[in-house]
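Computed from a prediction, not measured in an experiment: that's the story for all the values here.
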Amino acid sequence: MPTLSRVVAVHAFVTFAAVAVIGCRSSAPPEEAGRTVTVYVSTDRVFSEPILREYEKRSGVKVDAVYDTEETKSTGLANRLLAEKARPQADVFWSNEPVRTLVLKSRDVLASYRSPGAKGIPEALVDPEGFWTGFSARLRVIAYNTKTVTPDDAPQSVFDLSDPKWKGQVAMADPRFGSTSFHVAALYALAGDEKMDDFFRRLKANGVRIVDGNSVVRDLVARGDAKVGLTDTDDVNVAVEAGQPIAMVLPDRNGLGVPVMPNMVSLIANAPHGEEARKLIDYLLSTGVERQLAQSEAVQIPLHSGVPGPKHIPSIDTFKPMTLDYAKAASRVEDVTARLATILGL
C-alpha cells in the first residue's frame, strides 16, 4: 500500500487542504460595499452555490456565478472563456476536473496567482507557475445495482466493462465532456492508444449506453435500467443517502490506480475584478471550505490534518491512486475525444 508521501512524490491525483482558516462571521467592511466578483463554476451547483453564498455573507462582495450544464460539464465554460479571452467577463474559474484548466493555461486564458491558501498543499497539486491550485477531490468509480449485482460479481476494473457478461448493461457519460473526458484522457495517456482504442471498440460492440452526464448514469443504475456504470463518487453518494440500491467499486486498485480528480481554481487573465478574484480564491482554498465539501453530499476528500473525511468514501491511504502528468493528459484531450467520437459513433 503506497504511503501518502509516496503518492505525492509521483504526482498522484490526490486532493489537499489549505491551511488558511475561515474567519468568524462579521459584517463586511465599508470598503467592500458594492463590490462584485464573477466566477465560472463547473462543480455541481447544489454543492458550489452554498459555498459562494456563504462567501457573500462573510465578505459583503456580491458573487455572480455562472454554472455549467450537466451535458457539457467544464467543456462549455472552458469554451466560453476561450471565446471571451480578448474581453474577459469572468474573474475566477472553479473547475471540477483538471484537464480543462490545463487547456486554458496553454491558451493563455489564465493569470498567475500564488494564493497564501496554497501553503501546505502537496506540490503535485499546485502549479509551479501559479496558474492553478487544486483542492478537494472526487473519485471516478464503477457504480452497480445491489439488487442485480453482488459485491463479488461487480467489475473491479474499467477494462472489465467490455466483458460480454455486461452486454447491454453498461452506462457512461459522453466522454467528450466533464470528468469522463478527464478519465478517458488519463487512460489513453497511461495505457496507450492501441490498448484504449481496442477497449472502446469492444465496449461499443458490447452495447454501452452513452448518456448526458454522470447523474444520468447513476439514475440508470439505481433504477436497474443498467447494471453497472462509470460515474463519480458524489453522484453515487446522493443515491446512497437516498437509500437507493446502489454501491460503488474503486476501479483498478491493483492496476493503473483509482482516478482521483481535484477541483482546481484559477485567476482569469485581465480579470475585470482582480482584487476581489484573489480574495475569493483565498477563501476557496481554506480548510473551512474543504470541511464543508467533505461533510456535504459532494463527499469530497480532504487530506489536511484535522479535517474530517466524508462518509462512504475510503481514506486516500487505503487504495492506489492513478498517477499521471496533468499536462500530458490535457494535451491528449482533443485527440482522444475525436478518436472516441469516431469509435463510439458520437
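- A salt bridge links Arg332 to Asp193: one of the charged nitrogens lies within less than 4.0 Å of a carboxylate oxygen.
- Between Thr231 and Ala143, the shortest heavy-atom contact is CG2-CB, 3.9 Å.
- Ring geometry, Tyr188 versus Phe200: the interplanar angle falls under 30°, so the pair is classed parallel (tilted spans 30 to 60°).
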Walk me through whether Ile210 and Met172 qualify under side-chain contact (heavy atoms from CB on, under 4.5 Å). CA-CA 5 Å; Ile210 306 297; Met172 66 179 291; 3.5 Å; yes
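- By the 4.0 Å N-to-carboxylate-O rule, Glu56 lies close enough to Arg53 to be salt-bridged with it.
- Checked against a 6.0 Å centroid threshold, the rings of Tyr144 and Trp166 do not count as neighbours.
- Rounding to the nearest 0.5 Å gives a distance of 8.5 Å between CZ of Phe159 and CZ of Arg202.
- From Asp91, atom CG reaches atom CD1 of Ile268 across 8.0 Å, with rounding to the nearest 0.5 Å.
- Using modelled atom types, no side-chain atom of Glu97 and backbone atom of Ser95 make a donor-acceptor pair closer than 3.5 Å.
- Side-chain contact between Asp174 and Thr180 is absent, with no heavy atoms from C-beta onward closer than 4.5 Å.
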In sequence, state the C-alpha distance, the side-chain angles, and the governing distance for Leu102 and Trp132, and then conclude on side-chain contact (heavy atoms from CB on, under 4.5 Å). CA-CA 8 Å; Leu102 271 293; Trp132 54 264; 4.0 Å; yes
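- Distance check: Leu81 CG to Leu110 CG gives 8.0 Å after rounding to the nearest 0.5 Å.
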Could you pull out all donor-acceptor pairs under 3.5 Å where a side-chain atom in residues 249-258 meets a protein atom, sequence neighbours excluded?
from   : atom 1 : to     : atom 2 : distance (Å)
Asp252 : OD1    : Ser157 : OG     : 2.5
Asp252 : OD2    : Val158 : N      : 3.2
Arg253 : NH1    : Thr318 : O      : 3.4

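- No side-chain heavy atom of Val39 sits less than 4.5 Å from a side-chain heavy atom of Tyr55.
- In plain terms, the two heavy atoms of Val109 and Lys85 that are nearest each other are CG2-CD, 4.3 Å.
- The minimum heavy-atom distance between Pro175 and Thr337, with the atom names listed, is O-CG2, 3.8 Å.
- Considering every non-hydrogen atom in both Val333 and Ala185, the closest pair reads CG2-CB, 4.1 Å.
- Side-chain contact check for Asn214 and Arg140: at least one donor-acceptor pair (N or O, by modelled atom type) lies under 3.5 Å.
- Separating the CE atom in Met261 from the CZ atom in Phe182 is a distance of 6.5 Å, to the nearest 0.5 Å.
- Considering only heavy atoms from C-beta on, Asn79 comes within 4.5 Å of Leu82 through its side chain.
- Listed for the Asn145 side chain is a donor-acceptor partner under 3.5 Å among the backbone atoms of Thr148.
- For the atom pair OG of Ser266 and OH of Tyr40, the computed distance is 14.5 Å after rounding to the nearest 0.5 Å.
- Looking only at distances, no side-chain donor or acceptor of Asp44 sits under 3.5 Å from a matching main-chain atom of Val46.
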List the steps, then state whether side-chain contact (heavy atoms from CB on, under 4.5 Å) holds for Arg80 with Val66. CA-CA 11 Å; Arg80 181 168 175 172; Val66 178; 3.5 Å; yes
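- Taking OG of Ser42 as the start and CE of Met264 as the end, the distance is 11.5 Å to the nearest 0.5 Å.
- Residues Pro262 and Pro98 approach most closely at CD-CG, 3.8 Å, considering heavy atoms.
- Under a 3.5 Å cut-off, the side chain of Thr233 and the backbone N or O of Leu139 do form a donor-acceptor pair.
- The backbone N or O of Pro128 lies less than 3.5 Å from a partner atom in the side chain of Arg114, making a donor-acceptor pair.
- At a threshold of 4.0 Å, the pair Asp163-Lys165 does not count as salt-bridged, since none of the basic side-chain nitrogens sits closer than that to a carboxylate oxygen.
- Looking at heavy atoms from C-beta onward, Val208 lies out of side-chain contact with Leu161 at the 4.5 angstrom threshold.
- Leu293 and Phe47 get closest at one heavy-atom pair: CD2-O, 4.3 Å.
- Side-chain contact between Val265 and Val92 is present, with at least one heavy-atom pair separated by less than 4.5 Å.
- Using a 4.0 Å cut-off between charged nitrogen and carboxylate oxygen, Arg278 and Asp282 do not count as a salt-bridge pair.
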side-chain contact (heavy atoms from CB on, under 4.5 Å) assessment of Val61 paired with Lys279: CA-CA 10 Å; Val61 176; Lys279 290 179 180 178; 5.9 Å; no
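- Atom CD of Glu241 sits in a crowded spot, with more than 12 heavy atoms from other residues, nucleotides or ligands closer than 6.0 Å.
- Contact of the Arg138 side chain with the Asn96 side chain is registered, since non-hydrogen atoms from C-beta on lie closer than 4.5 Å.
- Side-chain N or O atoms of Lys167 include one that pairs as donor or acceptor with a backbone N or O of Ala205 at under 3.5 Å.
- You'll find the side chain of Tyr283 reaches within 4.5 Å of the side chain of Glu54, heavy atoms only.
- Side chains of Leu187 and Met322 form a contact here, defined as non-hydrogen atoms less than 4.5 Å apart.
- Side-chain contact annotation: Ser59 with Arg35, donor-acceptor N/O pair under 3.5 Å absent.
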